[in-house]
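Bear in mind the structure is a predicted one, so any value in this text is a computation, not a measurement. Throughout, residue positions are numbered sequentially from 1 according to the sequence presented.
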Amino acid sequence: MSVEGLKAARGWRPTTAVASIALLVAVGFLVPAVFSVFWIRAFTTSAIYAIAAAGVGLLYGRLGLVSLGQIALVGVGGWITLRLGHGTAMPYPLLLLIAGAGTCAIGVMVGLPALRLSGLNLAIVTLMFAGAFSIVFNATGFPNGGGGFLGKATGSGQSLALNRPSLGGSDGGYFRYVLVVAALMFAVLAWQLRGRAGRQWAVIRQSEAGALAAGVDTTRSKLRALALVSFTTGVAGGLLAANAGVLDPGNFGPADSIVLFAVVLIGGAFSLLAAVIAGLLCQAFPSLLSDLVVNGNLILVVFGFGLVHAVSTAPQGVAGQLQGLPAAIRRRGRRAEAGHAVRA
């Protein structure tokens with residue numbers, strides 16, 4: 001098969017890549033120029049959480065695995081970044097890589113015993129792990145420039161915020177920095193999804209018994225997905241750590257993982273566009289309610305209705321509806337033309 005045919009068979013579209021890069025550049029420069037600092041920070045956090053949402057979508061949309069511990073892994077990546085950032089003079093990009101690798105190791109160790117589970121059993125186990133990490137975070141806190149292994153300043157010790165990278169010193173600059181890193185993480189996920197690993201994951205989701213019969217090592221394939229998702233989620237945690245320079249243990253509870261999984265279902269668990277929508281729903285939408293001085297508890301009601309709609313009538317989520325909108329418009333146009341022709 002020719003190179004062009006191989007690219008087409010894998011769904012490769014150069015125009016899509018060019019359009020995505022152009023959109024990324026436009027967003028990176030327009031958002032800091034148009035919006036206030038409040039909204040720049042909200043969109044920055046949304047981009048960070050979109051990386052974690054992409055991991056949830058990969059596990060569920062490609063493998064049918066319900067993971068409710070993703071926010072805990074974000075906290076692990078943030079903890080590693082804060083500890084090494086305060087304790088060493090490593091450059092920030094290296095901190096992100098180490099945070100991703102460390103979270104990958106912890107995610108694999110935690111998830112390996114649960115790989116034989118699925119459905120509700122896996123959801124309960126991962127939720128219990130999320131609860132365990134939440135207890136640890138609350139007991140130890142996050143590093144803030146103190147001494148010792150935990151790096152936690154106590155008593156009269158002065159707490160310090162982690163410095164942002166030099167290219168992201170301002171809020172606008174850091175927003176662009178996060179966009180670039182998020183785009184790289186999405187590119188890695190897309191590369192895996194379009195390759196052999198992605199095809200194996202699709203077969204496993206359809207039928208694990210069929211995948212075994214076809215010679216797919218399902219345990220190794222799931223482990224690869226878990227390692228990939230844990231790495232990208234750890235990078236997201238590192239980005240979150242430098243966003244404000246400090247982290248609060250209260251932001252990494254089991255309920256936050258459940259909310260993230262819910263917004264992934266609402267956005268759609270079968271595309272990377274859905275992860276962007278999930279990130280906006282998870283972080284920008286609450287900021288909108290705060291800006292409008294609306295009770296924050298309303299967000300749970302909205303997510304509840306959205307989840308019921310996604311599960312019952314729109315399994316592809318908001319992203320699937322948006323992607324199918326051009327085809328729906330064309331079909332409606334053809335029906336209208338056919339109706340005019342009949343009347344004529």
Side-chain angles (χ1 to χ4, degrees), residues 49-77 100 103-133 185-186 188-190 192-212 214 216-234 236 254-272 274-275 278-279 282 307 310-311 315-317 319-320:
Y49 273 79
I51 301 174
V56 175
L58 187 150
L59 291 177
Y60 180 73
R62 304 292 174 164
L63 282 164
L65 301 178
V66 180
S67 174
L68 298 180
Q70 209 68 11
I71 295 298
L73 292 180
V74 174
V76 171
T103 307
C104 174
I106 292 176
V108 169
M109 286 190 297
V110 170
L112 186 59
L115 282 182
R116 297 185 180 276
L117 303 176
S118 61
L120 182 61
N121 293 331
L122 179 61
I124 292 174
V125 169
T126 54
L127 187 61
M128 290 175 63
F129 278 126
F133 276 113
M185 295 299 101
F186 274 46
V188 171
L189 292 174
Q192 290 294 302
L193 288 171
R194 291 176 179 173
R196 181 181 179 184
R199 293 190 294 272
Q200 289 179 344
W201 295 335
V203 172
I204 293 173
R205 178 176 175 82
Q206 291 296 323
S207 172
E208 188 164 348
L212 287 169
V216 176
D217 188 338
T218 57
T219 300
R220 179 177 294 181
S221 187
K222 290 180 181 180
L223 190 62
R224 181 174 184 173
L226 181 62
L228 176 63
V229 168
S230 298
F231 175 83
T232 57
T233 305
D256 298 290
S257 293
I258 296 174
V259 170
L260 180 64
F261 184 79
V263 295
V264 167
L265 292 184
I266 294 171
F270 303 97
S271 70
L272 294 178
C282 190
L307 187 58
V311 172
Q316 298 294 325

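- Remark: Q70 engages T233 in a side chain to side chain donor-acceptor pair (under 3.5 Å) (not counting sequence neighbours).
- For the residue pair A274 and G267, the shortest heavy atom distance occurs at CB-O, 3.4 Å.
- Between G107 and L73, the closest heavy-atom pair is CA-CD2, 4.2 Å.
- Separating the CD1 atom in I71 from the SG atom in C282 is a distance of 6.0 Å, to the nearest 0.5 Å.
- Residue T126 holds its OG1 atom at 9.0 Å from CZ of F261, rounded to the nearest 0.5 Å.
- When the side-chain contact (heavy atoms from CB on, under 4.5 Å) test is applied to A227, the partners found at least two apart in sequence or on another chain are C104, V108.
- Taking all atoms of both residues into account, the shortest heavy-atom contact from F186 to A275 is CZ-CB, 3.9 Å.
- Considering CE of M109 and CD1 of I106, their distance stands at 5.5 Å, rounded to 0.5 Å.
- Closest of all the heavy-atom pairs between S257 and A72 is OG-N, 4.0 Å.
- Between L226 atom CG and L223 atom CG the span is 6.5 Å, to the nearest 0.5 Å.
- Not a single side chain to side chain donor-acceptor pair (under 3.5 Å) links R205 to another residue, sequence neighbours left out.
- Between K222 and W201 there is no side-chain heavy-atom pair separated by less than 4.5 Å.
- Residues G69 and A130 come closest through the heavy atom pair CA-CB, 3.9 Å.
- Partners of T103 under the side chain to side chain donor-acceptor pair (under 3.5 Å) rule, at least two apart in sequence or in another chain, do not exist in this structure.
- Using modelled atom types and a 3.5 Å distance limit, the side chains of Q200 and R224 yield no donor-acceptor pair.
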For residues 56-68, which side-chain N or O atoms pair as donor and acceptor with protein atoms under 3.5 Å away, sequence neighbours left out?
from : atom 1 : to   : atom 2 : distance (Å)
R62  : NH2    : F270 : O      : 3.4

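- Partners of F129 according to the side-chain contact (heavy atoms from CB on, under 4.5 Å) rule, which considers only residues two or more places apart in sequence or in another chain, are V110, V125.
- A distance of 11.0 Å separates OG1 of T232 from CD of Q192, quoted to the nearest 0.5 Å.
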